[in-house]
Protein chains: 2
Amino acid sequence: MAAAVARLRSAGERVTPARYAVLHVLDAAGLADEHLTAEQIGTRVADVEPSVHRATVYRTLTSLAETGVLSHVHLGGSATVYHLADPEPEHHHEHGHAHVQCHVCGRVLDVAPDVFDGVAARLRDDLGFVLDTGHAALLGTCRDCRTP
Amino acid sequence: MAAAVARLRSAGERVTPARYAVLHVLDAAGLADEHLTAEQIGTRVADVEPSVHRATVYRTLTSLAETGVLSHVHLGGSATVYHLADPEPEHHHEHGHAHVQCHVCGRVLDVAPDVFDGVAARLRDDLGFVLDTGHAALLGTCRDCRTP
DNA sequence: ATCGTTGCAAAGCATTTGCATGCCT
DNA sequence: AGGCATGCAAATGCTTTGCAACGAT
């Protein structure tokens with residue numbers, strides 16, 4: 001996360017209390033494998049920096065994503081979630097891990113990046129479509145929500 | 001599409017001008033492989049039945065989806081799109097086709113249902129997660145939007 | 001001192017809902 | 001006739017934006 005701050009500075013982006021707090025919140029959430037919505041981030045940021053406005057959280061998330069220190073995942077029918085960007089594995093173009101969401105409990109699960117390799121190859125060959133694996137989540141039902 | 005109307009009746013659902021018009025619009029769109037948002041459907045319905053209100057279009061889409069005559073696809077960051085349900089191949093689990101969306105031009109492309117079979121198997125085995133292939137679209141860049 | 005960032009409030013888009021009326025069955 | 005479906009308007013949830021004040025470098 002110190003790396004994230006350094007990355008911001010070297011990109012010519014300013015480091016403000018709001019931005020620092022957002023990074024701090026996302027760092028803590030990442031340790032628990034949580035995926036937070038902008039609203040949730042705003043709430044947690046308020047615990048540390050009560051003066052930070054919701055709109056600022058949104059703008060912060062947008063610019064931090066453009067700088068590449070965090071990523072967002074579009075979920076089907078619910079609010080977008082954010083997490084710190086995965087450390088980039090050298091010369092691999094495809095970004096971080098993939099995600100699936102349970103449409104019963106709403107939980108977001110991480111999926112190893114290589115799970116979608118076959119699909120990505122086939123979409124490229126059949127349709128000329130270059131898949132951005134981590135940018136949106138597929139839906140389904142998680143283990144806990146399948147009635148036991 | 002006559003089949004869709006019959007299916008509605010046998011499910012005890014009423015067939016109203018609004019519902020008929022929505023089915024008609026989706027049928028025509030399907031022939032052109034179009035995926036329409038609720039708003040687009042509303043506009044086209046208005047050409048035939050000008051008195052139909054937007055809210056009715058939404059309610060109609062919801063109930064027709066519950067009856068199973070149409071499906072919706074959640075897109076990352078843009079409005080949900082609808083299409084007539086695929087004819088069901090007998091006793092298979094809900095296997096409609098899958099979709100991907102280009103985040104440059106917004107176009108939605110159909111993907112053969114079996115493309116995700118490998119992913120679905122691995123998610124089930126590794127995470128106990130049952131994938132609903134057709135319910136959300138992945139994002140990427142289509143052939144036309146890769147700089148020519 | 002500069003120019004990016006923020007707070008505020010208000011608008012925006014997609015979608016939903018309460019209520020009284022209307023029409024399919 | 002009876003009850004679901006509709007029209008209308010207002011509310012919701014998520015996110016963006018115009019503008020003036022503020023503060024990081």
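Within every chain, numbering begins at 1; the chains are lettered A, B, ... in the order of the sequence lines, protein sequences first and strands thereafter. Below, all heavy atoms of this structure are taken into account, side chains as well, without hydrogens, waters or symmetry copies.
- Between the CD atom of B/Glu49 and the C1' atom of D/dA5 there is a distance of 14 Å, rounded to whole Å.
- A/Arg7 is linked by a side chain to side chain contact (heavy atoms under 4.5 Å, CB included) to A/Val69, counting only residues two or more places apart in sequence or in another chain.
- One can place CZ of B/Arg19 at 9 Å from P of C/dT25, the figure rounded to the nearest angstrom.
- Per the geometry, CD belonging to A/Glu39 stands 13 Å off C1' belonging to D/dT16, to the nearest Å.
- Two rings, from A/His97 and A/His83, have their centers less than 6.0 Å apart.
- A/Ser78 comes within contact range of no nucleotide atom at all, as no heavy-atom separation falls under 4.0 Å.
- B/Thr60 comes within contact range of the sugar-phosphate backbone alone, with a heavy-atom separation under 4.0 Å but no base atom that close.
- Taking the charged nitrogens against the carboxylate oxygens, A/Arg107 and A/Asp33 have no contact shorter than 4.0 Å, which rules out a salt bridge.
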* Asked: Given the rule in the side chain to side chain contact (heavy atoms under 4.5 Å, CB included) test, do A/Cys142 and B/Leu127 qualify, once you have shown the distances and angles that lead to the verdict?
  -> CA-CA 8 Å; A/Cys142 74; B/Leu127 306 170; over 6 Å; no
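- Backbone-only engagement by B/Ser51 is indicated by non-hydrogen atom pairs under 4.0 Å involving sugar-phosphate atoms exclusively.
- For the pair B/Tyr20 OH and D/dA5 P, the computed distance is 19 Å after rounding to whole Å.
- Taking atom CD of residue B/Gln40 and atom C1' of nucleotide C/dA14, one finds them 13 Å apart after rounding to whole Å.
- In this structure, CG of A/Leu64 is placed 17 Å from P of C/dG4, rounded to the nearest angstrom.
- Taking only side-chain nitrogens and oxygens, B/Tyr58 comes nearer than 4.0 Å to OP1 or OP2 of C/dT15.
- Distance, B/His53 NE2 to D/dA5 P: 18 Å, rounded to whole Å.
- Judged by closest nucleotide on DNA chain D, B/Ala18 is the one of A/Thr62 and B/Ala18 placed further toward the 5' end.
- Taking atom CG of B/Leu75 as the reference point, atom P of C/dC13 lies 18 Å away to the nearest angstrom.
- Within the structure, a side-chain polar atom (N or O) of A/Thr80 is placed less than 4.0 Å from OP1 or OP2 of D/dT15.
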* Asked: Could you write nucleotides 19-25 of chain D as a row of B, S and -, 5' to 3', where a protein heavy atom under 4.0 Å of any base atom gives B, of only sugar-phosphate atoms gives S, and otherwise -?
  -> ----BBS
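- Listed by first then second residue, pairs satisfying salt bridge (charged side-chain N to carboxylate O under 4.0 Å, His left out) with a partner in residues 48-61 of chain B read B/Glu39-B/Arg54, not counting sequence neighbours.
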* To do: Evaluate side chain to side chain contact (heavy atoms under 4.5 Å, CB included) for B/Val73 paired with B/Val108, printing each intermediate quantity in order.
  => CA-CA 10 Å; B/Val73 186; B/Val108 175; 5.7 Å; no
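- Residues A/Ala29 and A/Arg44 share a closest heavy-atom pair of CB-NH1, 4.4 Å.
- Mapping B/Ala38 and A/Val52 onto DNA chain C by nearest heavy atom places A/Val52 closer to the 5' end of the strand.
- Distance from the side chain of B/Ala55 is smallest to C/dT17 among C/dT5, D/dG7, C/dT17.
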